[in-house]
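The sequence lines fix the lettering, A, B, ..., with proteins before strands; numbering per chain opens at 1.
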There are 2 protein chains.
Amino acid sequence: MRKRNTIQRSLVLEAVNRLQCHATADEIYEEIKKDHPNISRATVYRNLNVLSEMGEIRRMETPGGADRFDHRCHDHCHVRCQKCGRVFDVDVDFITGLEQRIRDAHGFEFTGYDILFRGICPDCQNASQKNEPK
Amino acid sequence: MRKRNTIQRSLVLEAVNRLQCHATADEIYEEIKKDHPNISRATVYRNLNVLSEMGEIRRMETPGGADRFDHRCHDHCHVRCQKCGRVFDVDVDFITGLEQRIRDAHGFEFTGYDILFRGICPDCQNASQKNEPK
DNA sequence: TTCTTATTGAGATTATATCTCAATAAGAAC
DNA sequence: GTTCTTATTGAGATATAATCTCAATAAGAA
């Protein structure tokens, strides 16, 4: 099934790049709608799927929240702040090799993994110290 | 807000234990409904939340699928087979310390992490060799 | 036994994502 | 340039996981 180049597909790719890292499908949809109010939500979702299958962008599935899409900058995973919900990048150099070590043990053919850290970001730590002093 | 001991809460805890590891909320709901057809889905979800906050059970959020709940056997994470959707356990002894190493770098206060591996299980590898020989 | 209020059940609602299908348009064939 | 095939689109319906609403119920302290 040969892929065609559509305006909508380019718009999605451009928006992902413009928004930098970890935008949700909905954020990308809203971004595109500013200039192209007629684009369909389904089209954005479809093209995010197509583009990540093609390897043009990277999908990061986040449990308990919407998937996020990255320009393929470099490998990293995410921390989500449990208070404000914002998502930050985490370098994962030291995680490299994780798959290999597990493949050895299970006969599983690994294709990847998602790691999502949970925590409280520095801002929210400070905020709660001000509002709830002990 | 003092917690009360309700029949429904015990039923949920028992079902999680009975189903062993990585049952979804819906599987737990169906399990309980066999003997107690009047239990509400909301009650199951509510008690799964309460019990995991209390530390009685462990919640494993899985991106792209329903959350799963474990009896607190021992620390492990999960691999989901991309073909059959089944979920298997993976030991994670060597991942211990991950949080500490990241906390140092970011000023983030970490409360935990989820790791979900993706891959193809041995069964499905075999099946696809039979069905699509090269 | 009485009283307070945490908890429940039923159904509505939210959020994320996918599906349906007629209409459109990309790009190959002519 | 014109025709043709079919991938893609837009709009809205649907699916799935989970939470919320609220009157009724019941746990457990008084």
> Nearest 0.5 Å, what's the CZ-CZ distance between A/R2 and A/R4?
Replying inline: 10.5 Å
>> Please report the distance, rounded to the nearest Å, between CG in A/N47 and C1' in D/dG10.
In response: 12 Å
> In which ranges does DNA chain D form stems of 3 or more consecutive Watson-Crick or G-U pairs, distances under 3.5 Å?
Replying inline: C:1-30 with D:1-30
> What residues in residues 29-45 of chain B put a non-hydrogen atom under 4.0 Å from any atom of DNA chain D?
Replying inline: B/A42, B/Y45
> Any idea which of D/dT19, D/dT8, D/dA18 is nearest the A/R9 side chain?
Replying inline: D/dT8
> Does any N or O in the side chain of A/D70 come within less than 3.5 Å of the main-chain N or O of A/H22, such that one atom is a donor and the other an acceptor?
Replying inline: yes
> Please walk me through it: do B/L13 and B/R9 pass side-chain contact (heavy atoms from CB on, under 4.5 Å)?
Replying inline: CA-CA 6 Å; B/L13 181 55; B/R9 186 119 69 222; 5.9 Å; no
>> Without decimals, in angstroms, what is the distance between B/L48 CG and C/dT8 P?
In response: 11 Å
> Between A/K33 and A/N38, is a side-chain contact (heavy atoms from CB on, under 4.5 Å) present by the stated rule, with each step listed?
Replying inline: CA-CA 7 Å; A/K33 233 177 38 168; A/N38 291 329; over 6 Å; no
Side chains of residues 48-55 of chain B: which donor-acceptor partners sit under 3.5 Å, not counting sequence neighbours?
from	atom 1	to	atom 2	distance (Å)
B/N49	OD1	B/R59	NH1	3.1
B/N49	OD1	B/R59	NH2	2.9
B/S52	OG	B/L48	O	2.8
B/S52	OG	B/N49	O	3.2

> Rounding to a whole Å, what distance do you find between B/R68:CZ and D/dT16:P?
Replying inline: 15 Å
> Could you give the CG-to-C1' distance, from B/L11 to C/dT8, as a whole number of Å?
Replying inline: 12 Å
>> Whole angstroms only, please: what is the CZ-C1' distance between B/R46 and C/dG11?
In response: 12 Å
> How would you list, by chain and number, every residue that makes a side chain to side chain donor-acceptor pair (under 3.5 Å) with A/T43, sequence neighbours excluded?
Replying inline: A/R46
> Given the rule in the side-chain contact (heavy atoms from CB on, under 4.5 Å) test, do A/T24 and A/E27 qualify, once you have shown the distances and angles that lead to the verdict?
Replying inline: CA-CA 5 Å; A/T24 63; A/E27 287 163 358; 3.2 Å; yes
>> Within the 4.0 Å heavy-atom criterion, would you say A/D26 contacts the bases, only the backbone, or no part of the nucleic acid?
In response: nothing
> Base, backbone or nothing for each nucleotide of nucleotides 22-30 of chain C, written B, S, -, heavy atoms under 4.0 angstrom, 5' to 3'?
Replying inline: ---BBS---
>> What is the separation between atom CD on B/Q8 and atom C1' on C/dT7, rounded to the nearest whole Å?
In response: 8 Å
>> Is there a path of hydrophobic side-chain contacts, each under 4.5 Å between heavy atoms, that joins A/Y45 and A/Y29?
In response: no
>> Let me confirm one number: the CG-NE2 distance from A/L11 to A/H36, rounded to the nearest 0.5 Å.
In response: 4.5 Å
> Looking at residues at least two apart in the chain, or sitting in another chain, which of them share a side chain to side chain donor-acceptor pair (under 3.5 Å) with B/Q8?
Replying inline: none
>> Determine whether B/D67 and B/M60 satisfy the following criterion, side-chain contact (heavy atoms from CB on, under 4.5 Å), listing intermediate values before the conclusion.
In response: CA-CA 6 Å; B/D67 290 358; B/M60 175 77 194; over 6 Å; no
>> Can you measure B/D67 atom CG to D/dT16 atom P for me and round it to whole angstrom units?
In response: 17 Å
